[in-house]
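Heavy-atom basis, side chains included; hydrogens, waters and symmetry copies ignored. Quantities reported herein were computed from a predicted structural model and do not represent experimental measurements.
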Amino acid sequence: MRQISIRVNAEKETGKLLHDWRYIGYDECNYTYTPEGREQLSRFGKLPDAPYFVRTHFLFCTGNCLGSFKFGSTNVYTEDRDGNPVYDFEYVDRIMDTILETGNKPFVEMGFMPMDLVDRGYLRPSRGIWDDYGHYKDLGWSCPPKDYAKWHAFIHEVCAHLKERYGENEVNGWYFELWNEPDIFYWSGTAAEYCRLFDYTENAFHSVLPDARLAGPAVTGIFPGTNSEAFFRFFLEHCRRGTNYCDSSTGTRLDFITFHTKGGGFPFDLHAKKAVPSVERLVYQVDQGMKIIEEFGYGDLEVVLSEADPDGWAAGGIHDNPNMVFRNTEYYASYVASAFEKIGRLSKKYKTPIRPLSWAFMFPGERCFEGTRTFSTQGIDKPVFNLFRMYSRLGDRSLEFSCDGAKDLEESIRESDVNGTFDTGNYTGEGEDTDISGFAACGEDGIIRILAYSHNNDRDMHEENELNVTVSGLPDSTVRVRHFRIDRDHSNACTVWKALGEPLFPEGDEYAAIKARDGLEELEEASEMGTEGGALRICFRMPAHAVSLIEIG
């Protein structure tokens, strides 16, 4: 058993802890205002560090305004028979209102293309209204506009409506982003056409909301030699030195920058061999993106990783690929803790805020512990949501922290660039060392909180390590210590669900028993401990997949 030492100096503050994890998102915008969606958002809105920023896809799309897997619609823009714009903000308002009423803030993804604005040059010839709508749902929403002036007027109208309904000061505190992953199938145009769309959007947007923040390009994970890297570079070059498509000036205003990062990918495969996501693969992409941002002189801008996840198919579950099982368990929590801690270290390395957004929510009507990338299932919180409960309790002043079990950041980045080790579907994590680290903070209440995680990419690793935590700089007195834990046996409703035979739709006493264990639990009862020479020493064992929150006060 490895002996791991953690040292915290309670007298030495090292800066602000910015709670950069307060970002979530999901595909289906219409889930927002459903009872289940409102309930999930309320859970975040009630956390001590709320508000959380909420991003959704399909906000501008045309349809029946009923959410379904990877599609949604609001009918915010249509045209009458004479081609005149018709605006209907009912469902956009429902979405924004719900986000705000639950104690959160919108992260407005401006997309995708309304049906009546689609450039039909990208579509096959019309074969009737049913065929047209089917083709729109398959492809049309991803197309450039038929008329950029009409798109400009549309964005102007949307921004004017938001300004009037919510107030300019309120909207200035939101995030706005144009499109999603335009380097793949979400955009049927070219990189140049995306830049043209961005220029017209930025011009209309800031003409109404001059102090609000707008970003792009939200490309997929950045690897050398890939289309995502080429697209990212093309966009930043255009914003820095290109000719503006809308007003012919040089460059385009860019308020912050977005791109995505994933630790792996699991396609539909009922008999898939074991595969797991890689923390190192995720962190590598962030580092690559930051290098390019610095290269183009944007190192002073805030960066939001507007999807930062273990993998890339939120709606897929264990019935699509058995490897999705990790999303139900403590593994998901320890993975996020490890990845986000390293993103925090990259933020310090590049001296700029890097904020990860978790692309996860809930799916109404799913089987219990379906394995989708969600924070809850049938109203039962998963272990990963308890990680955010831990995060939310932390103060905003970082304390000096060191751990000899932490993976070296630069070594982790180098490891992920060796011979395609982390290729989608082939990586198992077997033979790797367990990564143990964390951070410490204090807040207005004076309580010192230490978050420590243990993560191994191999989901079948079951080793334990002994952690020896020393906190110095304390007064010579007795302090109260509480220890919260996420692992197989704590803060983990999935373990109870398995013990009950994995019921698809538990009810009655079964449901109550599972739900009773979905909150944040303590490893042991709170205790009074004395310090010696201003130091406190705490020892405990930690499994390979676990997160601890220790409170001292």
Side-chain angles (χ1 to χ4, degrees), residues 23 25 55 57 107 109-112 142 144 175-202 213-245 250-265 280-309 312 339 342-343 346-347 349-357 359 413 416-417 420 422 424:
Y23 300 79
R55 174 183 186 256
H57 290 341
F107 189 117
E109 181 194 293
M110 305 180 84
F112 298 110
S142 69
Y175 288 84
F176 291 82
E177 175 188 48
L178 179 64
W179 226 256
N180 173 73
E181 298 182 347
D183 56 310
I184 58 171
F185 64 85
Y186 284 96
W187 177 248
S188 293
T190 63
E193 287 169 319
Y194 174 81
C195 290
R196 185 180 183 187
L197 191 76
F198 189 86
D199 291 350
Y200 276 82
T201 301
E202 186 277 325
R213 48 192 170 184
L214 174 67
V219 295
T220 57
I222 297 171
F223 290 94
T226 60
N227 185 55
S228 60
E229 184 203 29
F231 199 110
F232 197 51
R233 288 180 174 279
F234 189 97
F235 174 75
L236 295 181
E237 171 67 23
H238 174 78
C239 289
R240 177 60 74 193
R241 289 178 280 270
T243 300
N244 190 293
Y245 286 98
T250 298
T252 310
R253 174 175 165 181
L254 186 59
D255 299 312
F256 65 107
I257 298 173
T258 60
F259 63 95
H260 296 172
T261 180
K262 308 285 185 177
E280 290 73 23
R281 186 177 194 267
L282 183 150
V283 174
Y284 174 80
Q285 295 163 67
V286 180
D287 188 61
Q288 291 298 302
M290 294 307 299
K291 286 178 180 177
I292 295 170
I293 288 169
E294 277 201 338
E295 178 184 332
F296 282 91
Y298 285 114
D300 58 332
L301 289 188
E302 174 185 9
V303 174
V304 179
L305 307 171
S306 50
E307 293 181 25
D309 306 291
K342 290 173 180 58
I343 290 170
L346 284 174
S347 183
K349 172 184 173 180
Y350 287 100
K351 297 181 175 60
T352 191
I354 306 175
R355 314 192 193 280
L357 184 150
W359 197 250
I413 292 168
S416 56
D417 193 29
F422 303 114
T424 297

* Tell me whether the centres of the aromatic rings in Phe198 and His238 are closer together than 6.0 Å. => no

* Interatomic spacing from CD in Gln288 to OG1 in Thr261 - rounded to 0.5 Å -> 10.5 Å

* Asked: Which value, rounded to the nearest 0.5 Å, describes the distance between Arg55 atom CZ and Leu357 atom CG?
  -> 6.5 Å

* Tell me, which pairs form a salt bridge (Lys or Arg N to Asp or Glu O under 4.0 Å) where one or both residues lie in residues 221-234, sequence neighbours left out? -> Glu229-Arg233, Arg233-Glu295

* To do: Locate the shortest heavy-atom distance separating Ala218 from Glu177; write the atom from each residue and the value.
  => CB-OE2, 3.2 Å

* Asked: So do the side chains of Val286 and Val303 get within less than 4.5 Å of each other, counting heavy atoms only?
  -> no

* Measuring from Thr258:OG1 to Glu307:CD, what's the distance to the nearest 0.5 Å? -> 10.0 Å

* Donor-acceptor pair, side chain of Asp199 and main chain of Tyr245, under 3.5 angstrom -> yes

* **Point-to-point distance, once rounded to the nearest 0.5 Å, from NZ of Lys262 to CG of Asp309** => 3.5 Å

* Asked: Pick from Phe232, Trp179, Phe231: which one makes a ring-ring contact (aromatic ring centres under 6.0 Å, His included) with Tyr194?
  -> Phe231

* **Side chain Thr250, main chain Thr243, donor-acceptor under 3.5 Å** => no

* Asked: Side chains of Thr252 and Glu202: do they bring a donor and an acceptor to under 3.5 Å?
  -> no

* To do: For residues 180-198, pull every pair meeting salt bridge (Lys or Arg N to Asp or Glu O under 4.0 Å), keeping only residues two or more places apart or in separate chains.
  => none

* Might you point out which heavy atoms bring Phe107 and Ser306 nearest each other, and give the distance in Å? => CZ-CB, 4.3 Å

* Starting from the C-alpha separation in whole Å, work towards a yes-or-no answer on side chain to side chain contact (heavy atoms under 4.5 Å, CB included) for Leu214 and Arg253. => CA-CA 8 Å; Leu214 174 67; Arg253 174 175 165 181; over 6 Å; no

* Distance, nearest 0.5 Å, that separates OG of Ser142 from CZ of Phe112 -> 8.5 Å

* Asked: Is there a side-chain contact between Phe235 and Cys195, using heavy atoms and a 4.5 Å cut-off?
  -> yes

* Hey, what do you get for CG (Leu305) to NE2 (His260), rounding to the nearest 0.5 Å? -> 8.5 Å

* side chain to side chain contact (heavy atoms under 4.5 Å, CB included) involving Tyr298 - partner list, sequence neighbours excluded -> Leu236, Cys239, Arg240, Leu254, Ile257, Ile293, Phe296, Leu301

* Decide yes or no on side chain to side chain contact (heavy atoms under 4.5 Å, CB included) for Ile354 and Met290, but give the supporting numbers first. => CA-CA 9 Å; Ile354 306 175; Met290 294 307 299; 3.8 Å; yes

* Asked: With a 4.5 Å limit on heavy-atom distance, are the side chains of Thr201 and Met110 in contact?
  -> yes

* **Closest non-hydrogen atom pair between Ala339 and Val283, with its separation** => O-CG2, 4.5 Å

* Asked: Less than 4.5 Å apart, any side-chain heavy atom of Arg355 and any of Tyr175?
  -> yes

* Asked: Pro356 and Ala308: which non-hydrogen atoms are nearest, and at how many Å?
  -> CB-CB, 3.9 Å

